[in-house]
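Everything on this sheet refers to the single structure shown next.
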Amino acid sequence: DSNTLVVDKSEDRVGIGTASPSNNLDVTVTSAGGGIDLNASGNHWIALHADSDRSTAGNSLLQLRTYWDGTEVTSINMLAGTDDTNKNEGEIAFYTSGGGSLGERMRIDEDGNVGIGTASPVAKATIAEASASINTLFGAYGNDVYGATVDFRKTRGAAFATNTIVQDDDNIGSIRFGGADGDSGYDLHGEIRCDVDGDPSQSTSDSPGRLEFWTTPDGSTSPVERMR
């Protein structure tokens with residue numbers, strides 16, 4: 001059946017469900033839910049491998065694209081990392097289309113940093129917005145008394161999952177406000193800190209804490225504590 005399996009020897013193409021394959025492997029679905037299934041018959045894992053010897057950092061290694069009636073609307077782009085000598089790093093970029101304009105929305109870099117609105121995250125989570133609109137919103141819903149929560153947590157353990165008690169003056173978390181210095185970085189203009197205030201005790205369930213408010217005075221780049 002020429003509409004079930006076609007081998008185009010002249011173009012080195014295979015078509016499934018189409019008599020005119022347009023790529024190396026062209027699968028045409030004629031009913032809802034049709035596609036490609038990968039099944040393991042036993043206790044095995046399944047892999048899809050894509051190996052490409054790109055020469056430049058940031059080059060695409062594998063792209064997954066989706067189209068809406070011929071127009072690309074989403075894609076996931078696996079990229080070569082920054083080390084183009086050893087070629088052992090990689091990044092993943094996620095694209096969506098709004099108003100016909102396909103753009104990168106999120107990236108995971110080679111260090112595991114996640115950038116939303118930026119392709120160059122500088123922390124585990126970096127959110128950037130080009131306008132003055134709200135770029136981060138925490139919301140809660142439900143017929144109850146609970147609202148949205150942002151948690152800052154600290155352990156003295158070797159890993160976050162290790163519960164090792166904190167000590168006096170440990171910083172539990174900070175909210176920092178920085179502005180570009182016009183040169184090579186950002187200066188700290190203000191900070192709200194939560195520190196341990198005294199010796200906590202696991203046996204007596206004693207967890208003292210304090211809030212500190214810091215601002216940077218005129219003529220300085222170092223914040224000073226103003227209130228606690």
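Start at 1 with the first residue, then count along the sequence.
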| query | How about D181 and Y186: do any of their side-chain heavy atoms sit closer than 4.5 Å? | reply | no

| query | Below 4.5 Å, heavy atoms only, C-beta onward: do I92 and I76 meet side chain to side chain? | reply | yes

| message | Within this structure, what is the CG-CG distance for the pair D51 and L62, rounded to the nearest 0.5 Å? | response | 11.0 Å

| task | List the steps and the verdict of side-chain hydrogen bond (donor to acceptor under 3.5 Å, both in side chains) for N77 and S60. | result | CA-CA 7 Å; N77 197 356; S60 293; 3.0 Å; yes

| Is there side-chain contact between F138 and T136, with heavy atoms separated by less than 4.5 Å? | yes

| Non-hydrogen side-chain atoms of V114 and P121 separated by less than 4.5 Å | no

| request: Locate the shortest heavy-atom distance separating P200 from P208; write the atom from each residue and the value. | output: CA-CD, 4.0 Å

| request: Would you mind reporting whether F94 and R105 have side-chain heavy atoms less than 4.5 Å apart? | output: no

| remark: NE2 (H189) and OG (S220) are apart, to the nearest 0.5 Å, by 11.0 Å

| message | Can a donor-acceptor pair be found, under 3.5 Å and without considering hydrogens, that links the side chain of T155 to the backbone of T162? | response | yes

| message | Test side-chain contact (heavy atoms from CB on, under 4.5 Å) on T96 and L102; report intermediate values, then the result. | response | CA-CA 6 Å; T96 62; L102 187 72; 5.7 Å; no

| query | Is the shortest heavy-atom distance from the side chain of P217 to the side chain of R226 under 4.5 Å? | reply | yes

| query | Distance-only, no hydrogens or angles: does the T216 side chain make a donor-acceptor pair with backbone N or O of L188 under 3.5 Å? | reply | yes

| request: Check the pair F152 / I175 against side-chain contact (heavy atoms from CB on, under 4.5 Å), numbers first and verdict last. | output: CA-CA 10 Å; F152 297 82; I175 301 175; 4.2 Å; yes

| Between S174 and R176, is there a donor-acceptor pair closer than 3.5 Å when you use the side chain of the first and the backbone of the second? | no

| task | Could you please spell out the steps behind the side-chain contact (heavy atoms from CB on, under 4.5 Å) verdict for I108 and E91? | result | CA-CA 6 Å; I108 304 174; E91 302 184 348; over 6 Å; no

| request: Starting from the C-alpha separation in whole Å, work towards a yes-or-no answer on side-chain contact (heavy atoms from CB on, under 4.5 Å) for T118 and M106. | output: CA-CA 7 Å; T118 175; M106 184 176 74; over 6 Å; no

| query | Please walk me through it: do S10 and D8 pass side-chain hydrogen bond (donor to acceptor under 3.5 Å, both in side chains)? | reply | CA-CA 6 Å; S10 62; D8 187 344; 2.7 Å; yes

| query | L79 and A93: which non-hydrogen atoms are nearest, and at how many Å? | reply | CD1-CB, 4.1 Å

| remark: In short, Y95 meets E104 closest at the heavy-atom pair CD2-N, 3.2 Å

| Any idea which heavy atoms bring L61 and R54 closest together, and the distance? | CD2-CG, 3.5 Å

| message | In the structure I gave you, are the side-chain heavy atoms of V14 and D26 within less than 4.5 Å of one another anywhere? | response | no

| Residues S75 and Q63: side-chain donor-acceptor under 3.5 angstrom | no

| said: As a quick check of understanding, evaluate side-chain hydrogen bond (donor to acceptor under 3.5 Å, both in side chains) for T66 and E72, giving each step before the final call. | reply: CA-CA 6 Å; T66 63; E72 186 177 356; over 6 Å; no

| Non-hydrogen atoms of D83 and E89 that approach each other most closely | N-OE1, 3.2 Å

| message | Looking at N86 and N88, would you say the former's side chain and the latter's main chain have a donor-acceptor pair under 3.5 Å? | response | no

| said: Looking at T126 and A123, would you say the former's side chain and the latter's main chain have a donor-acceptor pair under 3.5 Å? | reply: yes

| task | Over all heavy atoms of both residues, which pair between S55 and K87 is shortest? Give the atoms and the distance, please. | result | CA-NZ, 4.3 Å

| query | Charged N to carboxylate O under 4.0 angstrom, D169 versus R210? | reply | yes

| request: Report yes if the side chains of E212 and D195 come closer than 4.5 Å at any heavy-atom pair, otherwise no. | output: yes

| Donor-acceptor contact present, side-chain E110 to main-chain G90, <3.5 Å | no

